[in-house]
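Written out below as structure tokens is the structure these notes cover.
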Amino acid sequence: MAFILSLDEGTTSARAALYDSEGRNIGMESAPVTCFYPQPGWVEQDANQVWQAQIESARRLMERHRAGASDIAALGITNQRETTVVWDRRTGEPVAPAIVWQCRRTADFCAELARSAAGAEITRKTGLVIDAYFSASKIRWILDHVPGAMARARDGELLFGNIDTWLIWKLTDGALHITDPSNASRTMLMDLESGWDDDLLRIFDIPRAMLPRIVSSSGVAGSSAAQHLGGEIPIAGIAGDQQAALAGQACFRPGLSKNTYGTGCFALLHTGSHRPVSRNRLLATRAAETDRAPQFAIEGSVFIAGAAVQWLRDQVGLIRSAAESEDIAASVPSTGGVYFVPAFVGLGAPHWDPTARGILTGIERSTGRAHIVRAALESIAYQTRELVECMEADAGEPLRELRVDGGAAVNNFLMQFQADILGRPIVRPVDVETTALGAAYLAGLATGFWKNVEELESFWRAERRFEPEMSDRVREDLYNGWHSAVARCRAGSAPSA
Ligand code: ADP
């Protein structure tokens, strides 16, 4: 059979892509997904719209390339992680809006939990920093706020899923309620090594009956129901978007790392079969497994990266398109001392401050649009340096280079500034859609479409390498300025947990 189909459900859009036997992207279609912001710090989506966007993009893609279900060896699914859907097992209807990973509504609950006796146990078992980011407190919120939900969940009437689980449940007409370790490890209900954990379920008071079965990231779990994609297609790969991107970058071995520049920024370092413990406020997480053996990674998550560019476009109207930010930023030699800390939903790693909010500092009479646009792009690079520094400290050695991908990685100004501010080379592959590619890899490996990871490694090609060109003094001066701006942004917030 000719293709692997990848379904890549991101925060801002649902995409579908086809790959041939050489791992080449044959085509991609996408449909937008709407985020709702009903209160400051709250972010929601309509799970039914997410499903519609995903299935429409897949159908459109297959039509455009005249690919029928019989041309597709298997499909892989990758998804925005942590986003929480709870639905009625019988009707399939969500009982509440999906609570998106960025949503801060459970920040107070999490702050209290972190201070409690259970706090240390949660972190030790899950490898996570206690934060509203992860699914458990979001499930708790739904059970607390939807009338009757707790009793129905106990009776097995309600199901929980992240977006992977939800899409698979829809694709199989309710036959499969499953997830994989890379997604499960982001719920805060999983012991990083062994699986769903009764102590964690007790702490969050979440009935086990709601939880999906954890299956391998790479393995045939079942097939899509014929009605959705014109025939049954084996579902053979599942991974959270960042772990899928790690696979798509062919980072299958310890010591290899990537950074994805999407809505947020996510740097992951593969640690192989070794369970990492971060001493620098990064997360320990499960990588996608390519066989039955558990694989691990260290991760640094920044909540707002490309979303700062989106904000300049949609909320402020300073730019017409994300792409034009590159030329606008390059039209001035520096930000003229302006820093932009886009802490719209607090700060993620390594600060973990849910109460911080965004700040623009250093504005003068001469400050113009280009300086602010440039400061927004630079903020992405500064935040990444914070992650990489922690990662290097955890790993005990410097990164040799950083592989990059995601929507904003096409921005050459940003990539050069990233190499400069990091003092490390940045390497961009030919195919920056590594999330979709990674899910395809997992599905292809499971079905013999590809032989082994060595074959996948042979597909990886650099498109461009960005070498650091900035002097050490300028680099450190600029970075110190960033620290001052972050300190001000945090000083304006209530003390964090
Ligand atoms: P996600 O998977 O999180 O939805 P993507 O990887 O599709 O995100 O990246 C989209 C993000 O990248 C958006 O936030 C957008 O503002 C940003 N982006 C897209 N193109 C550019 C560009 N040329 N320069 C800077 N940012 C960009």
Side-chain angles (χ1 to χ4, degrees), residues 6-17 25 28-35 43 45 49-50 53-54 57 77-83 100-102 133 163-164 239-246 248-249 258-267 301-331 340 342 344-345 348 370 372-381 383-384 403-418 426 428-429 431-439 464 466:
S6 182
L7 306 182
D8 173 9
E9 205 299 299
T11 312
T12 51
S13 67
R15 291 167 285 224
N25 186 330
M28 197 156 202
E29 290 287 326
S30 81
V33 169
T34 314
C35 279
V43 190
Q45 287 176 346
Q49 193 222 343
V50 169
Q54 186 62 74
S57 60
I77 291 193
T78 177
N79 55 291
Q80 49 167 321
R81 304 170 302 173
E82 299 99 10
T83 297
V100 175
W101 56 277
Q102 293 165 317
Y133 178 22
I163 296 294
D164 59 322
D241 52 8
Q242 301 312 320
Q243 290 95 334
L246 192 66
Q249 287 276 23
K258 68 88 197 172
N259 191 27
T260 298
Y261 299 80
T263 301
C265 250
F266 300 89
S301 326
V302 160
F303 298 144
I304 302 293
V309 177
Q310 227 174 354
W311 179 79
L312 290 181
R313 186 192 64 192
D314 300 342
Q315 250 72 26
V316 198
L318 222 49
I319 53 176
R320 281 188 309 271
S321 70
E324 85 176 356
S325 66
E326 179 172 340
D327 286 345
I328 295 174
S331 72
F340 178 19
F344 301 157
V345 291
I372 293 172
V373 172
R374 185 173 172 126
L377 291 178
E378 290 189 356
S379 77
I380 301 174
Q383 293 185 92
T384 296
R403 295 182 174 183
V404 298
D405 54 58
V410 300
N411 189 311
N412 294 321
F413 165 80
L414 172 60
M415 292 301 105
Q416 184 57 51
F417 189 78
Q418 184 69 82
I426 297 294
R428 188 168 63 195
D431 187 351
V432 288
E433 295 290 351
T434 53
T435 307
L437 180 61
R464 188 162 163 189
F466 297 84

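Just so you know, ligand 1 is whichever comes first in the structure, and atom 1 is the first atom listed for that ligand. Counting from 1, the numbers follow the sequence of the chain as shown.
Under 4.0 Å from ligand 1, the heavy atoms of Arg15 that appear belong solely to its side chain. Only the backbone of Ala307 comes within 4.0 Å of ligand 1, judged by heavy-atom distances. For Thr260, no heavy-atom contact with ligand 1 is shorter than 4.0 Å.
The protein atom (non-hydrogen) at minimum distance from atom 1 (P) of ligand 1 is Thr263 OG1, 3.6 Å. Considering only non-hydrogen protein atoms, atom 11 (C) of ligand 1 sits nearest to Gly262 C, 3.9 Å. For atom 22 (C) of ligand 1, the closest non-hydrogen atom on the protein side is Ala322 O, 3.6 Å. What sits closest to atom 23 (N) of ligand 1 on the protein, heavy atoms only, is Ala323 CA, 3.5 Å. For atom 26 (N) of ligand 1, the closest heavy atom belonging to the protein is Ala408 CB, 3.4 Å. Of the protein's non-hydrogen atoms, the one nearest atom 4 (O) of ligand 1 is Thr12 OG1, 2.6 Å. Of the protein's heavy atoms, Asn411 ND2, 3.6 Å lies nearest to atom 25 (C) of ligand 1.
Side chain of Thr260 to backbone of Asp405: no donor-acceptor contact under 3.5 angstrom is found. Counting only distance, with no hydrogens or angles, the side chain of Arg81 and the backbone of Gly240 share no donor-acceptor pair below 3.5 Å. Between the side chain of Gln54 and the backbone N or O of Arg15 there is at least one donor-acceptor pair closer than 3.5 Å. At distances below 3.5 Å, at least one donor-acceptor pair connects side-chain atoms of Thr78 with backbone N or O atoms of Ala239. Between the side chain of Gln383 and the main chain of Cys265, no donor-acceptor pair closer than 3.5 Å is present. A donor-acceptor contact shorter than 3.5 Å is absent between the side chain of Glu9 and the backbone of Gln80.
Close contacts between ligand 1 and Gly306 involve ligand atoms 13 (C), 14 (O), 15 (C), 16 (O), 17 (C) [criterion: under 4.0 Å to a heavy atom]. Taking every non-hydrogen atom of Thr11 and a distance limit under 4.0 Å, the qualifying atoms of ligand 1 come out as 4 (O). Ligand-side atoms of ligand 1 in range of Ser325: 24 (N), 25 (C), range being under 4.0 angstrom from any heavy atom. The ligand atoms of ligand 1 that sit less than 4.0 angstrom from a heavy atom of Val410 are 23 (N).
In this structure, Asn412 and Arg428 have side chains that are in contact, with non-hydrogen atoms separated by less than 4.5 Å. Within the 4.5 Å cutoff, the side chain of Thr263 has heavy atoms near those of the Gln102 side chain. Side-chain contact between Ser325 and Arg313 is absent, with no heavy atoms from C-beta onward closer than 4.5 Å. Counting only heavy atoms from C-beta outward, the side chains of Ile380 and Tyr261 approach each other to under 4.5 Å.
Relative to atom 5 (P) of ligand 1, the option among Ala376, Gly407, Ala436 with the closest non-hydrogen atom is Gly407.
Residue Ser13 has no nitrogen or oxygen atom sitting less than 3.5 Å from a nitrogen or oxygen atom of ligand 1, judged on distance alone.
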